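Remember, it's a predicted structure, so these values are computed and weren't measured experimentally.
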Amino acid sequence: MSLTRPLVRAAPQLASKTGPLTGITVVSLEQAIAAPFCTRQLADLGARVIKVERPGVGDFARNYDSRVNGLASHFVWTNRSKESLALDVKKPRDHQILMRLLSKADVLVQNLAPGASARLGLSHDDLKATNSSLIVCNISGYGPDGPYRDKKAYDLLIQSEAGMLSVTGTGKEPAKVGISIADISAGCYAYSNILAALIQRDKDPQRRGCNIDVSMLESMVEWMGFPMYYTYANAPGPTPAGASHAAIYPYGPFETGDGSVMLGIQNEREWANFCDRVLEKPNLANDARFASNSVRSQNRAELKAIICGVFSSLTSEQVISRLDDASIANASVNNMQGVWDHPQLKARGRWTEIETPTGRVPALLPPGMTQDGLGNFAARMDSVPDVGEHNSSILAELGIDEEK
């Protein structure tokens with residue numbers, strides 16, 4: 001078995017678009033959401049992402065559900081534009097293949113179980129001897145040291161540790177955020193740190209790589225900055241308020257004659273305008289119970305009754321029309337079908353299609369990117385891979401016989 005042939009940096013069958021990361025090779029030992037979301041965003045920008053998966057079963061997120069023509073919704077979302085290389089990295093031959101890839105790669109991303117990466121010799125200290133330019137990004141629940149370093153971490157558990165559950169729900173029972181927000185936040189910080197590391201490496205005459213540790217806890221706590229400062233010096237925390245805002249009122253959902261609308265008042269000028277032009281009760285603006293945001297928030301039950309009393313004789317469409325005419329921020333309360341059909345996304349041409357192992361499916365263009373590259377660069381929107389789909393082509397690049 002020869003491991004001397006240089007790694008080719010382009011995958012002709014995938015490279016349908018070029019972008020600012022074209023020519024960058026990312027090897028990722030990834031699973032679930034945090035690392036795959038990070039590397040998918042790198043692929044969106046043109047990076048070649050080689051996703052290392054378990055032979056046969058692949059990333060366990062492939063089996064979360066079968067909602068997308070038999071494929072898992074999470075997996076389709078976070079794994080387009082990647083190559084799948086099925087390796088059992090505990091076996092010497094497959095581990096050698098991985099190390100060969102890493103000797104020429106630009107970035108390694110991993111979110112394996114605590115300690116697994118170190119046992120495989122994948123730390124930055126281990127790898128920099130053979131590839132001093134390699135950027136290693138480790139995503140974990142709590143970080144590589146400290147008393148929680150060996151704890152397993154799932155999204156709900158991190159939301160709980162980070163205090164998210166203390167500010168969600170209705171006050172009677174906590175509620176988790178309905179998406180994998182801790183994973184997403186960690187994936188975003190991993191992505192931005194890798195971009196910064198690539199820029200830093202290009203400025204370094206020796207093109208030295210670096211080590212990046214992103215923890216889900218630290219990412220989530222960063223997003224909790226408002227409630228943390230709100231409780232500064234042991235002040236009481238915000239009260240969970242369902243879909244309403246814990247500290248600003250009126251801000252949240254209000255029932256109409258045929259549904260509900262979401263609205264938000266940010267200042268006293270808007271409050272007076274809302275009373276006059278939407279509620280048609282101009283004197284309410286000077287009512288002592290509602291004369292400032294603080295007292296409106298304290299007396300929200302009374303104010304909600306007044307607002308919904310007016311809205312109950314109007315349709316949601318009529319309420320939104322009044323709010324728009326008064327320049328009051330508002331939104332429809334959409335379900336997922338409402339988002340699929342959202343007129344703004346359609347008008348801006350934000351939808352395209354991607355290939356999957358079971359056929360073409362819709363895909364949303366990444367924020368800030370376009371399909372044709374006009375005014376920016378084109379988003380790369382290539383296929384979602386099957387497990388081990390690219391073993392033959394990658395091993396051929398390395399001069400390795402797939403059958404041995």
Shortest non-hydrogen contact between Lys152 and Tyr142, atoms and distance
O-CE1, 4.0 Å
Using the side chain to side chain contact (heavy atoms under 4.5 Å, CB included) rule, pick out the option among Leu120, Val52, Ile50 that qualifies with Leu98.
Val52
Among side-chain atoms of Ser316 and Thr256, is any donor-acceptor pair under 3.5 angstrom?
yes
More than 12 heavy atoms of other residues, nucleotides or ligands under 6.0 Å from NZ of Lys176: yes or no?
yes
Any side-chain heavy atom of Phe377 within less than 4.5 Å of one from Met369?
yes
Does a sphere of radius 6.0 Å around OH in Tyr154 hold more than 12 heavy atoms from other residues, nucleotides or ligands, not counting ones at 6.0 Å or beyond?
no
Does the side chain of Arg208 come under 3.5 Å of the side chain of Gln200 through a donor N or O and an acceptor N or O?
no
Using side-chain heavy atoms (C-beta onward) and a distance below 4.5 Å, is Arg380 in contact with Leu45?
no
With Glu355, which residues qualify under salt bridge (Lys or Arg N to Asp or Glu O under 4.0 Å), at least two apart?
Arg360
Salt bridge (charged side-chain N to carboxylate O under 4.0 Å, His left out), that's the test. Do Glu53 and Lys82 meet it? Break it down for me.
CA-CA 12 Å; Glu53 301 190 75; Lys82 300 180 185 180; over 6 Å; no
Check Leu112 against Gln31 and note the closest heavy-atom contact, atom names and distance.
CA-NE2, 3.6 Å
For the pair Phe226 and His245, name the ring-plane relationship: parallel under 30°, tilted 30 to 60°, perpendicular over 60°.
tilted
Worked verdict on Arg289 versus Glu302 for salt bridge (charged side-chain N to carboxylate O under 4.0 Å, His left out):
CA-CA 9 Å; Arg289 296 170 298 171; Glu302 295 173 74; 3.1 Å; yes
Taking C-beta and beyond as the side chain, do Met99 and Leu127 meet within less than 4.5 Å on heavy atoms?
yes
So does Tyr64 have more than 12 non-hydrogen atoms from other groups sitting under 6.0 Å from OH?
yes
Nearest heavy-atom contact between Val214 and Ala186 is CG1-O, 3.6 Å
Compare every heavy atom of Ile181 with every heavy atom of Gln159, then report the nearest pair and how far apart it is.
NE2-CG2, 3.4 Å
Validation row: Ile194, Ile212 side chains within 4.5 angstrom (heavy atoms)
yes
Among Val387, Val27, Leu101, which one satisfies side chain to side chain contact (heavy atoms under 4.5 Å, CB included) with Leu85?
Leu101
Work out which heavy atom in Ala190 is nearest to a heavy atom in Cys137; give both atom names and the distance.
CB-SG, 3.7 Å
Shortest non-hydrogen separation from Val167 to Pro227 and the atoms involved
CG1-CB, 4.0 Å
Exceeds 12 heavy-atom contacts within 6.0 angstrom, atom CZ of Phe274:
yes
If you draw a 6.0 Å radius around CZ in Arg207, do more than 12 non-hydrogen atoms from other residues or ligands fall strictly inside?
yes
Atom CD of Glu317 with >12 non-hydrogen neighbours under 6.0 angstrom
no
Point-to-point distance, once rounded to the nearest 0.5 Å, from CD1 of Ile33 to CD1 of Ile139:
11.5 Å
Kindly compute the distance separating CG (Leu134) from NZ (Lys128), expressed to the nearest 0.5 Å.
11.5 Å
Stepwise, does the salt bridge (charged side-chain N to carboxylate O under 4.0 Å, His left out) test hold for Asp88 with Arg54?
CA-CA 6 Å; Asp88 183 348; Arg54 298 176 183 86; over 6 Å; no
Among side-chain atoms of Ser84 and Glu389, is any donor-acceptor pair under 3.5 angstrom?
no
Intermediate values then yes/no, salt bridge (charged side-chain N to carboxylate O under 4.0 Å, His left out), Asp65 and Arg67
CA-CA 6 Å; Asp65 58 59; Arg67 291 298 189 96; 5.9 Å; no
In Å and rounded to the nearest 0.5 Å, what is the CG to CD distance from Asn293 to Gln298?
9.5 Å
Value for CD1 (Ile135) from CG (Asp106), rounded to nearest 0.5 Å, stands at 7.0 Å
